[in-house]
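What follows is a short report on a single structure.
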Amino acid sequence: MKIKDLHSWNVGRSEAIEIQRLLRENILIKENPIRPSLVAGVDLSFPDKNIGLAVVTVLNFPELELMQYSYHVGIIERPYIPGLLSFREGPVIIEALKNTPEVDLVFFDGHGTAHPRGLGIASHIGLFLEVPTIGVAKKLLYGKCDLPGNSRGDISPILSPAGELIGYSLRTKPKVKPVYVSPGNGLSMKQALEFSLKATGIYRLPEPTRQAHILSQKLKGQLNL
DNA sequence: GCGACAG
DNA sequence: ATCTTGTCGC
């Protein structure tokens with residue numbers, strides 16, 4: 001897909017935080033009249049401590065059948081620091097996305113706006129793309145929220161310390177730990193929830209990222225290291 | 001200073 | 001994320 005080049009990834013901790021503060025101003029969370037027919041999911045595995053294997057799946061929507069996938073293996077330059085995940089995984093993800101055909105929506109493993117500076121990995125990478133992005137995380141990083149009801153589709157708002165709505169906890173599978181959904185860029189909070197639920201089948205995680213995770217693990221195993 | 005902390 | 005098999009419970 002078409003990728004923009006907004007800034008260098010080779011930056012230190014404080015500069016990375018400054019970049020996040022600047023980029024957050026470009027995030028647009030607003031209703032978008034999209035009718036996605038192709039959606040993508042991104043996930044990574046680590047064949048070695050500093051080697052990352054990013055996989056991008058492409059599924060038709062709303063059928064959710066795997067159409068194809070692309071991947072990229074690259075060197076991981078930075079450690080994992082809560083709040084700076086995109087600087088660690090971004091470079092490899094961007095390369096994998098370059099090998100991916102155009103899609104209408106992209107799902108990420110991690111948060112979007114539900115982030116200390118409103119720029120989780122789904123938002124950050126979303127700014128490099130020309131299509132909407134959504135972040136679906138397995139754990140909360142920032143803010144607080146109660147547990148949603150026990151039925152599929154039940155939700156509970158994620159509130160920042162200031163009381164702003166930054167995402168939702170969503171029960172995608174009955175009586176199974178909820179996931180945390182927040183828009184990355186280019187669509188509304190409500191749409192992020194809507195598409196996340198529609199992209200989820202009988203499992204806890206949305207099918208696009210679930211398939212990417214499975215493939216990433218499988219490819220890692222086939223890679224002889 | 002203490003606790004929290006995506007993948 | 002990663003090191004790792006079986007096993008308890010709905």
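Every chain is numbered from 1, with letters handed out A, B, ... down the list of sequences.
- Going from atom OH of A:Tyr168 over to atom C1' of B:dA6 covers 20 Å, rounded to whole Å.
- Here A:Gln217 reaches the OP1 or OP2 of C:dT2: one of its side-chain N or O atoms lies under 4.0 Å away.
- For the atom pair CG of A:Leu129 and CD of A:Glu102, the computed distance is 9.0 Å after rounding to the nearest 0.5 Å.
- Residue A:Leu141 contributes atom CG, which lies 6 Å from atom C1' of B:dC5 at whole-angstrom precision.
- Place A:Ser45 and A:Lys175 on DNA chain C by their nearest nucleotides, and A:Ser45 ends up nearer the 5' end.
- In this structure, A:Ile121 atom CD1 and C:dA1 atom P are separated by 12 Å, rounded to whole Å.
- Protein atom CG of A:Asn50 is 13 Å distant from nucleotide atom C1' of C:dA1, rounded to whole Å.
- Within the nucleic acid shown, A:Leu140 comes within 4.0 Å of sugar-phosphate atoms alone, with no base atom in reach, counting heavy atoms only.
- Put simply, CZ on A:Phe46 is 9 Å from P on C:dA1, counting in whole angstrom units.
- A:Lys138 has a side-chain polar atom (N or O) that falls below the 4.0 Å cut-off from OP1 or OP2 of B:dG7.
- Remark: A:Arg88 fails to qualify as a cation-pi partner of A:Tyr80 under the 6.0 Å distance and 45° angle criteria applied to the six-membered ring.
- Within the 4.0 angstrom heavy-atom criterion, no nucleotide atom of any strand lies near A:Leu119.
- Only one option out of A:His111, A:His115, A:His7 pairs with A:His124 in a ring pair (Phe, Tyr, Trp, His ring centres under 6.0 Å); it is A:His7.
- In this structure, A:His213 reaches the C:dA1 phosphate: one of its side-chain N or O atoms is under 4.0 Å from OP1 or OP2.
- At a threshold of 4.5 Å between non-hydrogen side-chain atoms, the residues A:Phe107 and A:Val42 do not count as touching.
- When distances run from any side-chain atom of A:Asp109 to the nucleotides B:dA6, C:dT2, B:dG7, the shortest one goes to B:dG7.
- To the nearest angstrom, P of B:dC5 lies 10 Å from OH of A:Tyr180.
- Results of the side chain to side chain contact (heavy atoms under 4.5 Å, CB included) test with A:Thr57 over A:Ile214, A:Leu215, A:Asp43, A:Thr209 single out A:Leu215 as the only residue that passes.
- Atoms CG (A:Leu53) and P (C:dT2) sit 10 Å apart, rounded to a whole Å.
- The CG-P distance, from A:Leu44 to B:dG7, rounds to 12 Å in whole Å.
- Residue A:Lys220 places at least one side-chain N or O closer than 4.0 Å to OP1 or OP2 of C:dT2.
- In this model, the phosphate group of B:dA6 is approached by a side-chain N or O of A:Tyr80 to a distance below 4.0 Å at OP1 or OP2.
- Among the protein residues, A:Gly83 comes within range of the nucleic acid bases, having at least one heavy atom under 4.0 Å from a base atom.
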